[in-house]
Number of protein chains: 2
Amino acid sequence: MSVPVTIRDVARLAGVSPSTVSRAISLPEMVNATTRARVAAAVEQLGYEPNRAARGLITGRTGTIGLVVPDLANPFFASLTKAIQARARRHDVAVFVADTDEDPGAEAGLVRALSKQVDGIVLCSPRASDDDLAAFAADTTVVLVNRAAAGIPGVTYDNEDGMRQAVAHLVALGHRRIAWVGGPASSWSTQHRGLGLRNATEELHAVLVPVGNFAPTYEGGMAAADQVIATGATAVVAYNDLVAIGLLARLHSRGISVPGELSVVGVDDIAMSGMAHPALTTIRLPKQEAGWIAVELLLALLDNPDSQQGASGTRSELHGELIVRASTGPVPVPDRQP
Amino acid sequence: MSVPVTIRDVARLAGVSPSTVSRAISLPEMVNATTRARVAAAVEQLGYEPNRAARGLITGRTGTIGLVVPDLANPFFASLTKAIQARARRHDVAVFVADTDEDPGAEAGLVRALSKQVDGIVLCSPRASDDDLAAFAADTTVVLVNRAAAGIPGVTYDNEDGMRQAVAHLVALGHRRIAWVGGPASSWSTQHRGLGLRNATEELHAVLVPVGNFAPTYEGGMAAADQVIATGATAVVAYNDLVAIGLLARLHSRGISVPGELSVVGVDDIAMSGMAHPALTTIRLPKQEAGWIAVELLLALLDNPDSQQGASGTRSELHGELIVRASTGPVPVPDRQP
DNA sequence: TTGAAAGCGCTAACAA
DNA sequence: TTGTTAGCGCTTTCAA
């Protein structure tokens, strides 16, 4: 709309050549303090802003990163997105957001399309196979969140540890039979949470009863509830908070008291969980930190591509923290009367 | 990472000039079917993808739009964002997302920064003044969501009508004294919902008791609850569902029964509302449609800049729909015993 | 420390 | 219908 002001306009006003203006902006040390000041004044006066497309054309960098998430409507990913875009902006980097709508098939296409327009991509909780991920990483710089894959840097949560905390809590309350409502089978988190639960229950002499894979949503939890009840477990760990809250809703309508008859544990600690009835015991995953780290990691990689080869040091593991709320309580006393 | 393939590579392989390749892609009708096929084959074989920065440099279009929202963690905006990016992708347009974190001061800076990098901006629920908005619109093509401003196209909800539905519902249940918990004072929605409530209560012979302005969040609702109780109202309309759910939580801990002693109505119908206890009666605002319309409007404006001048026709108004759930019920019978 | 010149990948006049 | 030419706004050699 307004008049586009170019580097030549600035150069003319400052009485220098365009290349000097360019240097004054990108490599200030390489330019005389006096001229630098003159250029700065001209930039100020004209409100000059370098054209990123033109710069990108020559530097090969767009100043943009891509973000691919399974579902923005899931508060966990909304928080992550918020953190990522905030951190990126600090570095004057813009963020393209793409939502796969939990469709694994859409992932590859989106990554492919994005990769042409960005310097690198943050891929959150991808459902793609390791081979596909490797192909993505060959195409562009990729940082994974919530997923580990050989040779690709990323930030993950220590799911095993989180599940151990959950099981320890439940066992301390007297529970010995614990149901597990998994998320999508292709989800790395599902696999590792399942594994962590298996190990922890074994160590602590409890019995784990997996009830299958469900959509990582409120509806998924509703769908799982009746099977959970049928297991006869006195406690259940859900794939995430959304599923746990769905569980809560269905249990309520089935007349099952929580935690009176069944204790429920989620994972994520989305804001909603504190508001649920009863409030949800959960494993709080640091979402902001994950987003921040992912951005820093990606930008570092872009500035120093070699480091990607440096086998290690490019994966961060964050720890979850058990948040005990009203949805877990002592194991119900078995009825002694026949 | 992979070898960048340019239009010249394609041209060489197809045995034509770069401009023919360019035309075959952008203006297919202008090129012979045979050569077009040859070019297509070469593009396919090489996996050519036009460099958007280069194209943008000359066309002046980036193929990108900006989206500015107050808070991605608010499910209402998450839904909107989801809809907008999905619709934009259909048009092969990428979306930059920026979150102001409910900081009105950040708005101008973000819009300013974005406007250099995008073809146009979708501004959701801006808190800026009309003058600031006009300044933004002078700088770049802007479409407003959830806000009306003279001369700037946009999509809004008919807040007056929504509030009328809410009041009619409450009055039918016997309520005559209705509290109103407003959102940020600078919010257009707050103003128009307040206005709608004032009109509707007047028409229907009820009394409206505004209790002030609060943050549009769960915490805002918690903060407002005690003042709502103090009004002696038998029903309350909250700025949005998040506030209503915060209200619900505080009322619960104060031992006030909903809807036994107080009926609660929200606005938005975020997913969480159906899951609340009691489930929240609310005005459902069509979020997807708003996002879709905003994108279509913006892209239409970009394709035909003149239409922006065409005073009218560039504002859409959507209607909300009352969703009755458990949080509203008959007015409590006044205690007859002294 | 600065300027001149070349060119990033693409599109748009203009010729042919 | 196609090719040639110029140039979008910027950075970056290379010379001065």
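Computed from a prediction, not measured in an experiment: that's the story for all the values here.
Electrostatic pairing of B:Arg127 and B:Asp132 does not count as a salt bridge here, judged by no charged N lying under 4.0 Å from a carboxylate O.
Distance CG (B:Leu57) to P (C:dG7): 17 Å, rounded to an integer number of Å. For the pair A:Arg23 CZ and C:dG3 C1', the computed distance is 7 Å after rounding to whole Å. As a whole-Å value, the separation of B:Ile58 CD1 from C:dG9 C1' is 10 Å. What separates NZ of A:Lys116 from P of C:dC10 is a distance of 11 Å, to the nearest Å. Between the CZ atom of A:Arg61 and the C1' atom of C:dC8 there is a distance of 16 Å, rounded to whole Å. A:Arg8 has its CZ atom 12 Å from the P atom of C:dA5, to the nearest Å. Rounded to an integer number of Å, the gap from B:Arg12 CZ to C:dG9 C1' is 13 Å.
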Derivation of the side-chain contact (heavy atoms from CB on, under 4.5 Å) call for B:Leu298 and B:Thr141: CA-CA 7 Å; B:Leu298 181 53; B:Thr141 306; 3.7 Å; yes

Full working for side chain to side chain donor-acceptor pair (under 3.5 Å) between A:Thr34 and A:Asn32: CA-CA 5 Å; A:Thr34 328; A:Asn32 185 320; 2.9 Å; yes

Criterion side chain to side chain donor-acceptor pair (under 3.5 Å) on A:Ser19 and A:Ser22, from CA distance to verdict: CA-CA 5 Å; A:Ser19 20; A:Ser22 173; over 6 Å; no

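A distance of 12.0 Å separates CG of B:Leu46 from CD1 of B:Ile7, quoted to the nearest 0.5 Å. Note: B:Thr6 OG1 to B:Tyr48 OH = 7.0 Å, rounded to the nearest 0.5 Å. Interatomic distance, CG of A:Leu144 versus CG of A:Leu123, reported as 6.0 Å (0.5 Å rounding). To the nearest 0.5 Å, the span separating CD on A:Gln85 from CG on A:Leu67 amounts to 9.5 Å.
Mapping heavy-atom proximity under 4.0 Å, the span of DNA chain D touched by chain B runs 5' to 3' from D:dT1 to D:dG9.
Within the 4.0 angstrom heavy-atom criterion, only backbone atoms of the sugar-phosphate kind lie near A:Thr6; the bases stay farther away.
Remark: B:Thr35 in residues 33-56 of chain B come within less than 4.0 Å of DNA chain D through at least one heavy atom.
One cannot find a donor-acceptor pair under 3.5 Å joining the base of C:dA12 and the side-chain atoms of B:Thr59.
Counting heavy atoms from C-beta outward, B:Ile152 and B:Phe136 have side chains that stay 4.5 Å or more apart.
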